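Input: a single structure, listed below in structure tokens.
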Amino acid sequence: MNKKFVNKKAAIDTLRMKLEYSIQNVLPKNNYNSEKNLDDLKFSYKKQFQHLYIQNSIPNSKPDNKIIAENLNNHEPFKFLDETFNNEFTVLDGILVHQFLLAKAQTGHLPMLSRWVRKGQNNEFRKFMINEIAFFNQKGCASILASLLASETDCEIKIALINSLTKLNYKQSEGQIIACYKSADIKLRNVIINAVILFKSKYGLKFLNDLFFDSQDQNFKDSLILAMKIMRDDISNENNKINPNTDSSSINSIAQYNYQII
């Protein structure tokens, strides 16, 4: 058995130990009413770690292993995610699922998680998957997350979507994020403004400038002034990096917007 497969098996064994530690140490300390979820997860984890172990222990297909390989290929490793969390999703469930996804990512078999954001029926589970997309840096899911903003009615889901899009640095979603502002509550509006600040675009800068002149809240206006100063400096610095020979009139082209506030 070559070094590559030995290393893969060692990584799988490490993840399996982490899973067992999580179950043994978290479950006794918390009173969760999720026995069915836990049983389903344990069963699926055993199957998956067995799958990963055999898959990485047999580098070459041999006639003696055809039945094993066929059974493994027919197994649906993510089926339990479709069926288990419709009614409840606890902190413990999150720990176990995260370990499962880590194991899949370790072997390169982690699918796009947006599937469970779109089809999930439990909002806690959906929020968890949205956060996992950011954790695993699944940029391929970003356009799907952005497309959900317009139709999503749950404020907490919208917040999770925007936070993940920000972490993925998906600047193409800025217009869709800003479109949520008008009907948003204070908490969601703060998240939207934070995303705009982090994206550091001229489009976002104009949005904040418009907010300034529409607001009567002096504390809010003071915060916007500070944010726009930082954004303007960052945008100018980026322009300098892109073209160090750009003349000052081009670098300060952002001044075409109304900055009497500064």
Side-chain angles (χ1 to χ4, degrees), residues 15 18-19 21-23 25-27 29-30 32 34 37-38 40-41 44-45 48 77-174 176-181 184-199:
L15 287 167
K18 287 182 179 179
L19 168 67
Y21 179 84
S22 296
I23 294 173
N25 288 275
V26 177
L27 187 61
K29 297 177 183 178
N30 295 277
Y32 296 117
S34 56
N37 285 2
L38 185 61
D40 290 344
L41 282 164
S44 186
Y45 275 99
Q48 290 314 302
F78 297 94
K79 187 176 181 181
F80 80 101
L81 292 177
D82 295 323
E83 302 172 348
T84 307
F85 305 113
N86 289 337
N87 299 318
E88 184 180 30
F89 187 77
T90 69
V91 174
L92 175 59
D93 294 330
I95 291 172
L96 298 178
V97 173
H98 182 68
Q99 292 293 340
F100 172 75
L101 297 178
L102 280 173
K104 284 298 183 183
Q106 183 74 35
T107 57
H109 293 96
L110 185 67
M112 291 293 101
L113 301 179
S114 52
R115 162 185 169 184
W116 291 283
V117 179
R118 289 185 291 107
K119 295 184 177 181
Q121 298 179 31
N122 182 295
N123 278 350
E124 290 302 317
F125 178 56
R126 292 179 68 214
K127 280 194 292 183
F128 171 83
M129 281 302 191
I130 292 168
N131 293 332
E132 290 292 272
I133 287 171
F135 177 86
F136 289 105
N137 198 32
Q138 290 194 329
K139 294 184 182 295
C141 295
S143 62
I144 295 174
L145 296 187
S147 70
L148 296 175
L149 281 170
S151 59
E152 182 57 56
T153 57
D154 186 277
C155 181
E156 292 299 322
I157 294 291
K158 278 191 174 183
I159 288 173
L161 288 169
I162 293 170
N163 283 335
S164 285
L165 288 167
T166 305
K167 290 175 184 176
L168 294 170
N169 198 31
Y170 189 64
K171 295 184 178 182
Q172 297 91 321
S173 66
E174 188 171 27
Q176 291 155 296
I177 290 173
I178 288 175
C180 299
Y181 188 87
D185 62 15
I186 299 239
K187 184 177 180 182
L188 179 54
R189 286 187 173 189
N190 286 334
V191 172
I192 292 170
I193 291 172
N194 183 63
V196 169
I197 292 169
L198 292 174
F199 282 146

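These numbers come from a predicted model, not from an experiment.
The side-chain heavy atoms of R115 and D82, taken from C-beta on, include a pair separated by under 4.5 Å. A heavy-atom distance below 4.5 Å is found between the side chains of F89 and V97.
Aromatic pair F100/F78: centroids less than 6.0 angstrom apart.
Taken from CG in L101 to CG in L81, the straight-line distance is 6.5 Å, to the nearest 0.5 Å. Atom CG of N163 and atom CG of N194 lie 7.5 Å apart (nearest 0.5 Å). Atom CG in N122 sits 11.5 Å away from atom OG1 in T84 (nearest 0.5 Å). A distance of 6.5 Å separates CG in D185 from CD1 in I159, rounded to the nearest 0.5 Å. Going from atom OG1 of T166 over to atom CD1 of I197 covers 10.5 Å, rounded to the nearest 0.5 Å. I162 CD1 to I193 CD1: the interatomic distance, rounded to the nearest 0.5 Å, is 11.0 Å.
Ring pair F125/F128 is parallel by interplanar angle, where below 30° counts as parallel and above 60° as perpendicular.
Residues satisfying the side chain to side chain contact (heavy atoms under 4.5 Å, CB included) criterion with K167, sequence neighbours excluded, are A134. With sequence neighbours excluded, the residues satisfying side chain to side chain contact (heavy atoms under 4.5 Å, CB included) with K127 are E124, E156, I157, A160. Residues satisfying the salt bridge (Lys or Arg N to Asp or Glu O under 4.0 Å) test with E132, not counting sequence neighbours, are none. Applying the side chain to side chain donor-acceptor pair (under 3.5 Å) rule to R189 yields no partners; only residues at least two apart in sequence or on another chain are considered.
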Under 3.5 Å, sequence neighbours excluded: what are the donor-acceptor pairs made by side chains of residues 136-144?
{"residue": "Q138", "atom": "OE1", "partner": "L113", "partner atom": "N", "Å": "2.9"}
{"residue": "Q138", "atom": "NE2", "partner": "P111", "partner atom": "O", "Å": "2.8"}
{"residue": "K139", "atom": "NZ", "partner": "L168", "partner atom": "O", "Å": "2.9"}

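In plain terms, the two heavy atoms of L165 and A146 that are nearest each other are CD1-CA, 3.9 Å.
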**OP:** Start with the C-alpha gap between I177 and Y170, add the side-chain angles, then the distance that decides, and say whether side-chain contact (heavy atoms from CB on, under 4.5 Å) holds.
**Re:** CA-CA 11 Å; I177 290 173; Y170 189 64; over 6 Å; no
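The main-chain N or O of K104 is found under 3.5 Å from a side-chain atom of T107 such that the two form a donor-acceptor pair.
A side-chain donor from one of D93 and T90 sits under 3.5 Å from a side-chain acceptor of the other.
Pairs passing the side-chain hydrogen bond (donor to acceptor under 3.5 Å, both in side chains) check and including a residue from residues 145-155, sequence neighbours excluded, read N123-D154, R126-E152.
Applying the 6.0 Å contact sphere to CG of N86 captures more than 12 heavy atoms from other residues, nucleotides or ligands.
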